Amino acid sequence: MSSEPDQTSQSSSRHPGSWSIVIEVDAGILRIPVARIDDREVLLDTPVRLKIGDRFELIVERPDGHADLVHAEVVQRSKAGLLMRWKPSHPREITALERLFSKGTSVDGQPDIETALRSRSRLVRTSAIAAQRDSVRVLNLSAIKSLIQDAVEDTLRESGQLLEETELKEIIEESEKGFRDRLAQFEDEKADLQSRIEGLSSRLERAQDLLDRERNREVDRDRFALSETALGELEHTFEQIIDEAISSEEVKPAFESELRSVMERCLDSERDRVHALEENARSTNIDLLERKIQRLARSLDDARVDRDQAMETVRRTESRDQLSPSPNAYQPIKPSSDDGQDTSRRRALLLDLVQENRELRKKIDTENPQLKITEKGSAC
Amino acid sequence: MSETVFIGMDLGTSRTSITTSTGVRTTVWSYVGYALDHVSRKHLGGRDKVFGQEAVENRMAVNLIRPLDKGVIQDDDDCRRAVKDLLEHIIAQADIPSGSTIYGVIGAPAEASVDSKAHILSAASEFMDSIIVCSEPFAVAYGLDFLSDTLVVDIGAGTVDLCRVHGTMPKPEDQRTHHYAGDAIDHRISELLTENHPEAQFSSNMVREIKENYACVGTHMDPVITSFPVEGKPTEFDITAEVSEACSGIVNPTVEALQDLIATYDPEFQQKMRNHVLLGGGGSQITGLSRAFEEALSEYGGGKVRTVEEPQYAGSNGALKIALDMPEEFWKEFIEQQSEKA
């Protein structure tokens, strides 16, 4: 990991009203201002250089002072800053992200009603109240929230600003269309990758065939071709022999046989040389083909990984589309509507469940009479 | 009249999750740590007990209890007390207004015994006015409106529960359970590490953390490079093969159970059920698992496996939906029974 924090980053202090990130790098602990943040990634406004792919534990501080620990991975460095993607390493970090981006903060980054009420409330000792009052009326937070909610809804209703059903439907349809577009995009990506894999596979097969053929090809011991040099040498040797024969004015049988053996030696040495050259060329070909196959195999592996990721994304998008059609993933659970086709089936299932629980209690009474199913509060 | 709050709860071997009708949901590791002495009590800030991750992090200073094993409450007094304390803690976390009437549905493993369900009822009855126990995979299916021709696979820490949902309450023949679940994967990783890297020092919590970060099934897995101390010195190990082998072990027993449930179903609807397989529970977060199941199912005619969104809350969300849909008279029936017994 390389990190070169500049002095301004190190000394930057927290700006009230904005998000900030605290990160520990080799050079120390830095507080870095945030240029952009959402539940997927954060763009840090910093020239600090961190290695792409490295994971860090970040302290994410919301404008209202709330902070949580979440892991993130460096995905990009650019002039705009350092882009990090959330990589929760534990389910509690997923919960932390939910807390950071949905529950305690409204769209414009302001704290929600509960946080606002708590921050504006004053802590008073009960002894101080007791000194002034015999009794006090208590209103719990959920009641206050409910009153505020009712008041807001009344006001909206009076001003005709409540979302009509058609508007809600439009929002949902728009969101579903978004899902479908993304799904189609991922499907296209998957298909592209699949065809790329097929292309790579066939290239790999062809290269493998070539390699096999090259390996199986034997350089014929009898095959050779005379090179210009060889011919030159041969010519030179013959010239010497002829000169010698002329100078001695006789060619004896012994000399004749020597002449033959010299010729054979020359030709044999030439044959060996040509054979070695061809073997060498074959080895070079094999090396080349092997390298090509390795490259193709690597590309094929990469393409398969990409395809797997695309398939996983398609699967996740599909399941999100089918399993939670609601645009808001954190929408509170609501009872099933009575006008659905499944109402009677649901009712029958619930009756079965109750019957099963009745039988369970009977069995417990018989098999475990000493076991107490008590009334709430008896443990306290 | 007091406010009525409905809660759905998934009491799991590894995690306990709660979702309430007041819009609160939270999850806690199913661990309770009891202070050992005055010193540890002081270390815990004057508290006698701590829960979840805090308990695990302070395990040297507490008597750490994991009350559930293989999906059921262990049969000893410490574990029963720990379950009660855990339920009290998580209900307190839900911030339910005091004096509220609490109606709760609790998910139990598909094949939990009467004894096990009895202990759950007994522990919860002290904090809820009326309780219904239901099969965990059924709660997942109900919550997602998959009420017919669906096969739910709930991969927990202690058990993998499979349940056939076909428009009626699942019967014992509709459910299968095997025990090669999250804990078994941890155990197998530990075994392989001991075998292949005897010099490495590690704990079960370290192994679990590695699994939660890197668990993957399939041929294309990111390398798992981790650091373990060797004679006190941090040393890097490549444990990709060990993690892969241990995680892959979950595929075969699950596919066998899946195929068994499908093969014994009405032949006319078998294909439909194969295309409606839902993966839930913490184990469903193992990368590539749904694809591995699909590939294994291809031998039997193929199938479509989907992972539920937010697996840690799928059970408690479903249980809450059951609670909200349950007619009032049934809740009152069980309240009366509880009062009579008390």
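Computed from a predicted model, the values in this text were never measured in an experiment. The sequence lines fix the lettering, A, B, ..., with proteins before strands; numbering per chain opens at 1.
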Salt bridge (charged side-chain N to carboxylate O under 4.0 Å, His left out) filter on B:Asp174, not counting sequence neighbours, yields B:Arg164
- prompt: Looking at side-chain heavy atoms only, is the closest gap between A:Val354 and B:Met169 below 4.5 Å?
  reply: no
Here the gap from B:Asp325 atom CG to A:Leu353 atom CG, rounded to the nearest 0.5 Å, amounts to 11.0 Å
So that I can tick it off, tell me whether B:Lys171 and A:Asp352 are bridged by a salt bridge, with the cut-off set at under 4.0 angstrom between side-chain N and carboxylate O.
no
Review point. Is there a side-chain contact between B:Leu121 and A:Arg361, using heavy atoms and a 4.5 Å cut-off?
Key: yes
Turns out that what part of B:Phe138 lies under 4.5 Å from chain A's heavy atoms comes down to side chain
Taken to the nearest 0.5 Å, the spacing of A:Leu350 CG from B:Cys134 SG works out to 10.0 Å
Q: Give a yes or no on whether a salt bridge exists between B:Arg25 and A:Glu98, defined as a side-chain N under 4.0 angstrom from a carboxylate O.
A: yes
Okay, A:Arg358 and chain B: the region with an atom under 4.5 Å from a heavy atom over there is both
Honestly, the part of B:Pro170 sitting under 4.5 Å from a heavy atom of chain A is backbone
Ranking B:Gly167, B:Gly282, B:Ala323 by heavy-atom pairs under 4.5 Å to chain A gives rank one to B:Gly167
Of A:Arg346, A:His71, A:Glu356, the largest count of non-hydrogen pairs under 4.5 angstrom with chain B goes to A:Arg346
### Message
Determine whether a donor-acceptor pair (N or O, by modelled atom type, separation under 3.5 Å) exists between the side chain of A:Asn357 and the backbone of B:Val133.
### Response
yes
Sorted by chain and residue number, the salt bridge (charged side-chain N to carboxylate O under 4.0 Å, His left out) partners of A:Arg295 (sequence neighbours excluded) come out as none
Heaviest contributor of heavy-atom pairs below 4.5 Å to chain A, chosen from B:Gln312, B:Glu209, B:Arg15, B:Glu212, is B:Arg15
